[in-house]
Structure formats: C-alpha cells, structure tokens
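Reading through the structure tokens given below for one structure.
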There are 2 protein chains.
Amino acid sequence: METTDDQHEHHYDAYLAQCPCRPLLDVIANKWTALIVGALLTREHRFGELRRQIEGVSQKVLTANLRALERNGFVTRRVYPTSPPSVGYALTDLGRSLAPPLVAVREWTERHMDDVEAARARYDTEATRSGPAAVDRAAEPAPAR
Amino acid sequence: METTDDQHEHHYDAYLAQCPCRPLLDVIANKWTALIVGALLTREHRFGELRRQIEGVSQKVLTANLRALERNGFVTRRVYPTSPPSVGYALTDLGRSLAPPLVAVREWTERHMDDVEAARARYDTEATRSGPAAVDRAAEPAPAR
DNA sequence: CAGTATCCGTTAGGATACTG
DNA sequence: CAGTATCCTAACGGATACTG
C-alpha cells in the first residue's frame, strides 16, 4: 500500500480516457436521465405516468433508459401482479443521492433559458462567421410551447 | 405585466416536449460539456490544453462542443495574435454559474463508481433476464486506466 | 497551433406492429 | 398497461488529410 495518504482521493478520474467512470458519466450526464430521475424524486411512478410526464419521450427510449438506470443501481423496477399488469419505478438510495445534482442541472436550464437565448441572438448576429455552429440541434425554429 | 405574481415561477419546463429548454438541456446534460466546463472552471485554457486534459476527445468533437458552448454564452473564445496562433477559452459569468452543478455531477460519478459497478454485477448476475440492457455502452470490458 | 473538410462506421431515437 | 421486435434515418463521433 502507498505511504502517501489519500483520504479524500478519488480512485477514478473522468478526465482519463480509460477510466470506467467516463462511460458512466455519459449515462448520467444525459437529458433523459435527468428528466427521469427528477420525476422519480417525488415518488414512485408507473411506466405510463413517466411516459406522460416526460412529454415526447417514446416508449422505446424510456424503456431503454430505465433499464440502464436499473442496471446501474439508480432505479428499482417492481412488477405488481394486477390486471392489467402495472410496473412501478422508484429511486434507490444511490439514485436519490444522484438526484440533487441532476435536478440542479435541469433547474439551471429552466432558469437561464432567457440568458441563453440572448447569447444565441448575439452570437448569430455578430458577423465574423459564415458556417453554422454545429452540435446544436434546432438552431432557431422553436415557436410553440 | 401579469397581475398574478410569479416571483420564483420558471417560465420554462423541461418536461414539456415543446419547451425550448429541452434542447438546451441536451447541450448541458452532456458528457463533453461537463468535462469542458469543469476544466475551464480553474482558469482559461488554450485549445491544445483542453485537448490534452480531456483525454481521448477528438479535435472535431472538442471544437464542435466549444462552438456550441460559445454560442450559448457559456464560453468565450479569444484569439491571441501570436505565431503560431493560440486561442484561449474561458468561462463567462453565465458559464461559471453553470459549472457547480456540472462539477457535482462529474464528482458524483467519480465517487460512486464502485457502487455502480457493484450494482451492475448484481444486475448482470440475477437471472430472470435473458437479453442485454441496451443503452449502456461497454458492458464489462474496461480493465485499463 | 488551431482549426476545417471529408469519409464513414456506430448509435440514438422515432414510427409502427405485435404480445402477455 | 408495459413492454419487445423491426425498420429506418439523422446524428454523433472517430480517423485522416489539408490549411493559415
């Protein structure tokens, strides 16, 4: 063992390419994960409830993400022998410990949307450029709500 | 202006399919965004510095994400007329306000990697299943670091 | 150094149809 | 209701080559 102490030393570093926490970060720093965990924070939800609350999510995507969250230990899946069958998803203790940062990220997004739109308007107005900024899905067309 | 007060009322809701903050959440709740913002939190970085610090990121991906962060007002891009030219990226005030939640997400990932791996081992061991859990990239093979 | 451009494989994710 | 199974396309993202 090392002679140098490392009390609060993490064993993992997301900045290292081969660190196993890099793929995990990809699962956690994810739009659907943030929305699902945020929804489950209040109480257990049935599949259909989640599907309705998280508007626009397809059952395929919701299922896939719930499975991933379950496998990683953030969510439990309980099948109730009713008829028709219902399935309840709830956060584990691990999932609950993950929720605050994710909720903070989502709330930040909701709270600073105006600032961001102002910044985009500035960026898109300033000449200097010619080509688009890529990565961004949906540059302008988003009127409805 | 409204007669009903709405002091802490958000105008945006990420759970609504058509809310413009949904795409923004996708930009922010993102692996690369978390790593870039986390790196820039300490100080301004040159492009090459970021590229080296965030191991494994390609210049294409790094450039695309930096452009998006710049357009959304999180990052400034300053070109220094040196030879060869160097470019400095730094957080704006807006970006700095976004950093704490993102750093929290990354640190959570680093700190709970062991818990997650234990959960995965449990999940993958328990029978009941047959097919894989999808979504997850890289199920087991990740020895190096 | 800090990009841009191009080719190209892999994956996310929508739509649809079917099952216990 | 809560899935699973396909099909299909749009993007993400790696690799490589070229430029001011």
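Heavy atoms only: backbone and side chains are in, while hydrogens, waters and symmetry mates are out. Quick note on labels: first sequence line is chain A, next is B, and so on, each numbered from 1.
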| task | Please check the phosphate of C/dG3 (OP1 and OP2 only) for any side-chain N or O of B/Arg67 closer than 4.0 Å. | result | yes
| note | Rounding to 0.5 Å, atoms CG (A/Asp26) and SG (A/Cys21) come to a distance of 11.5 Å
| message | Counting C-beta onward and ignoring hydrogens, is there a side-chain heavy-atom pair between B/Leu94 and A/His112 closer than 4.5 Å? | response | yes
| note | What residues 46-57 of chain A contributes to the DNA chain D interface at heavy-atom separation below 4.0 Å is A/Arg46, A/Phe47, A/Gly48
| message | Rounding to an integer number of Å, can you tell me how far B/Leu66 CG sits from C/dT4 C1'? | response | 15 Å
| said: Output one letter per nucleotide in nucleotides 15-20 of chain D: B when a protein non-hydrogen atom lies under 4.0 Å from the base, S when only the sugar-phosphate is that close, - when neither is. | reply: BBB--B
| request: Take atom CG of B/Asn65 and atom C1' of D/dA11, then tell me their distance rounded to the nearest Å. | output: 13 Å
| query | Under 4.0 Å between a Lys/Arg side-chain N and an Asp/Glu carboxylate O for A/Arg120 and B/Glu70? | reply | no
| message | In this structure, how many angstroms lie between the C1' atom of D/dG14 and the CZ atom of A/Arg22, rounded? | response | 14 Å
| So with a 6.0 Å cut-off around CZ of A/Arg96, is the heavy-atom count from everything else above 12? | yes
| Contacts of A/Ala39 that satisfy side chain to side chain contact (heavy atoms under 4.5 Å, CB included) - sequence neighbours left out | A/Leu50, A/Gln53, B/Tyr15
| query | Are any of B/Trp32's side-chain N or O atoms less than 4.0 Å away from OP1 or OP2 of D/dG13? | reply | yes
| Contacts of type side-chain hydrogen bond (donor to acceptor under 3.5 Å, both in side chains), residue A/Asp114, not counting sequence neighbours | B/Tyr12
| Contact under 4.0 Å: A/Arg77 side-chain N or O vs D/dA2 OP1/OP2 | no
| With sequence neighbours excluded, residues passing side-chain hydrogen bond (donor to acceptor under 3.5 Å, both in side chains) with A/Ser97 | B/Trp108
| Between the main-chain N or O of B/Leu62 and the side-chain N or O of B/Arg51, is there a donor-acceptor pair closer than 3.5 Å? | no
| request: Could you tell me the separation between the CG atom of B/Asp26 and the P atom of C/dG14, rounded to a whole number of Å? | output: 10 Å
| query | Do the charged groups of B/Glu110 and A/Arg22 touch, with an N to O distance under 4.0 Å? | reply | no
| Should B/Glu44 and B/Leu40 count as side-chain neighbours, where that means a heavy-atom distance under 4.5 Å? | no
| said: Tell me the interatomic distance from B/Ile36, atom CD1, to D/dG13, atom C1', rounded to whole angstroms. | reply: 13 Å
| At what angle, to 10 degrees, do the two end axes of the helix from C/dC1-D/dG20 to C/dG20-D/dC1 meet, given five pairs define each axis? | 50°
| Is A/Glu55 reaching over with its side chain to a backbone N or O of B/Leu16, donor-acceptor style, under 3.5 angstrom? | no
| message | Below the 4.0 Å mark, does C/dG3 have OP1 or OP2 next to a side-chain nitrogen or oxygen of B/Tyr89? | response | yes
